[in-house]
Amino acid sequence: MEKSQIRRKMILKRSNLSRKQIFENSKKILNRLCSSSYYKNANHIMIYVSINKEVFTHSFIENALSDGKKIIVPKCEPSSKKIILSQIRDFQKDLEKGFKGLMEPKKEALRPVSIEQLDLILVPGLAFTKSGDRLGYGGGYYDRFLANTSKEIPKIALAFEIQIVPTLPVDFYDIPIDFIVTEKRWITCK
Ligand SMILES: Nc1nc2c(c(=O)[nH]1)N(C=O)[C@@H](CNc1ccc(C(=O)N[C@@H](CCC(=O)O)C(=O)O)cc1)CN2
Ligand SMILES: Nc1ncnc2c1ncn2[C@@H]1O[C@H](COP(=O)(O)OP(=O)(O)OP(=O)(O)O)[C@@H](O)[C@H]1O
């Protein structure tokens, strides 16, 4: 099956999850992450700001900020299809609706961070395999970004169990992830 076809199928499948299921499963996923040494040992954490039926990350971001973690979120630059990293201090004040309706740092709240500063990357996606292959929305934003990160930085996907599939088409530029956390389990890829 082609990537575009799998994307459509997975968006449809995910749309069947109720708001309650999204919130409850997201809580389990993020609690599992927070009890891991990957979270505990990380100071600078990059995380996506969830929309629609993605694993809900807003409460995690607020809790991690209270926990003293440095939180870094992506801002899309559609002209270059690149991601800019910006540290946020206040979820409510620093973000506004931007590209594709995503919550992104406001211009006046941009606090650039370099890739080398990241200790942990929490990756979004539509579908994943247990071996770490990932399918996103198709912009290639994360693939371009992940291509520039060191292998040493853990890349962890947050996903609902229904997003784990047996196989995915893989292109040479696709960057595999290291772990997947679902509401049921912790998957170590490869
Ligand atoms: N929360 C979040 N932020 C992210 C990503 C992501 O997957 N999730 N990205 C990952 O690379 C980048 C943004 N890339 C995107 C590329 C395309 C579409 C897009 O076409 N969205 C559809 C809606 C899909 C749906 O119904 O869920 C659209 O606008 O029609 C969205 C984000 C960076 N920030
Ligand atoms: N490292 C890269 N350098 C240049 N172009 C790239 C790179 N990675 C991906 N691309 C381009 O991005 C486009 C989208 O890739 P793909 O369909 O794999 O995105 P995706 O993984 O679903 O989305 P995303 O990474 O945004 O979540 C492709 O046309 C690909 O050529």
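Read the numbers this way: they start at 1 and go in the same order the structure lists the ligands and their atoms. We number each residue from 1, following the sequence as shown.
The shortest N or O to N or O distance between Gly136 and ligand 2 is below 3.5 Å. For ligand 1, the polar-atom distance check against Val49 finds a nitrogen or oxygen pair separated by under 3.5 Å.
Once rounded to the nearest 0.5 Å, the distance linking CG of Asp119 with CD1 of Ile45 reads 8.0 Å. Atom CG of Leu85 and atom NZ of Lys75 lie 12.5 Å apart (nearest 0.5 Å).
For ligand 2, the atoms sitting less than 4.0 Å from at least one non-hydrogen atom of Asp174 are 18 (O), numbered in the order shown with element in parentheses. Every atom of ligand 2 is numbered from 1 in the order shown, and the set under 4.0 Å from a heavy atom of Gly139 is 12 (O), 14 (C), 23 (O), 26 (O). Contact atoms of ligand 2 toward Tyr141: 24 (P), 25 (O), 26 (O) (distance under 4.0 Å to a heavy atom of the residue). Listed by number with element, the atoms of ligand 1 under 4.0 angstrom from any heavy atom of Arg14 are 27 (O). Applying the 4.0 Å criterion to heavy atoms of Tyr137 picks out, from ligand 2, the atoms 22 (O), 23 (O), 27 (O). Listed by number with element, the atoms of ligand 2 under 4.0 Å from a non-hydrogen atom of Gly140 are 12 (O), 14 (C), 15 (O), 19 (O), 23 (O), 24 (P), 25 (O), 26 (O).
Looking from atom 10 (C) of ligand 1 to the surrounding protein, the closest heavy atom is Tyr142 CD1, 3.2 Å. In terms of protein heavy-atom proximity, atom 31 (C) of ligand 1 is nearest to Tyr137 CD1, 3.3 Å. Here the heavy atom of the protein found nearest to atom 17 (O) of ligand 2 is Arg7 NH2, 2.8 Å. Counting only heavy atoms of the protein, atom 2 (C) of ligand 2 lies nearest to Arg144 CG, 3.6 Å. Protein heavy atom nearest atom 25 (C) of ligand 1, with residue, atom name and distance: Asn52 ND2, 3.8 Å. For atom 27 (O) of ligand 2, the closest non-hydrogen atom on the protein side is Arg134 NH2, 2.4 Å. Atom 21 (O) of ligand 2 has as its closest protein heavy atom Asp143 OD2, 2.8 Å. Remark: minimum distance from atom 28 (C) of ligand 2 to any protein heavy atom is reached at Tyr173 OH, 3.4 Å. Nearest protein heavy-atom contact of atom 14 (N) of ligand 1 is Tyr141 CD1, 3.8 Å.
In this structure, Gln92 and Glu62 have side chains that are in contact, with non-hydrogen atoms separated by less than 4.5 Å. No side-chain heavy atom of Pro105 sits under 4.5 Å from any side-chain heavy atom of Asp94.
Residue Gly138 holds the heavy atom nearest to atom 14 (C) of ligand 2 of all those in Ser4, Gly138, Pro74, Ala147. Distances from atom 8 (N) of ligand 1 to the heavy atoms of Glu54, Lys81, Arg134, Lys100 put Glu54 nearest. For atom 34 (N) of ligand 1, the nearest non-hydrogen atom from the set Val55, Leu126, Ile83, Leu102 comes from Leu102.
Heavy atoms from other residues, nucleotides or ligands lying under 6.0 Å from NZ of Lys20 number 12 at most. Annotation: Lys106, atom NZ; neighbour count of heavy atoms from other residues, nucleotides and ligands within 6.0 Å is above 12. Within a 6.0 Å radius of CD in Glu2, other residues, nucleotides and ligands contribute 12 heavy atoms or fewer. Atom NZ of Lys3 is surrounded by more than 12 heavy atoms from other residues, nucleotides or ligands within 6.0 Å.
Heavy-atom distances between Cys76 and ligand 1 reach below 4.0 Å in at least one pair. Heavy atoms of Asp171 stay at 4.0 angstrom or farther from ligand 2. Remark: distances from the non-hydrogen atoms of Lys81 to ligand 2 are all 4.0 Å or more. Judged by the shortest distance from any of its heavy atoms, Lys53 lies outside the 4.0 Å radius around the atoms of ligand 1.
Smallest separation of non-hydrogen atoms from Glu54 and Ser50: OE1-CA, 3.3 Å. The two residues Ala159 and Ile180 come nearest to each other via the heavy atoms CB-CG2, 4.0 Å.
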- Task: Please lay out, stage by stage, how Tyr48 and Tyr142 fare under the test ring-ring contact (aromatic ring centres under 6.0 Å, His included).
- Result: CA-CA 10 Å; Tyr48 66 95; Tyr142 266 82; 7.6 Å; no
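Here the options are Val123, Leu33, Leu122, Ile121, the test is side-chain contact (heavy atoms from CB on, under 4.5 Å), and the partner is Ile47; only Leu122 passes.
Using a cut-off of 4.0 Å between Lys/Arg side-chain N and Asp/Glu carboxylate O, Arg185 and Glu161 are scored as salt-bridged.
Using a distance-only test at 3.5 Å, with no hydrogens or angles considered, no donor-acceptor pair links the side chain of Ser86 to the main chain of Pro112.
Inside a 4.0 Å radius of atom 23 (C) of ligand 1 there is not any protein heavy atom.
The hydrophobic cluster containing Val165 also includes Met1, Ile6, Met10, Ile11, Leu126, Leu135, Tyr137, Leu168, under a criterion of side-chain heavy atoms closer than 4.5 Å among ILVMFWY residues, counted directly or through chains of members.
At a 4.0 Å heavy-atom cut-off, ligand 2 touches Lys3 through the side chain alone.
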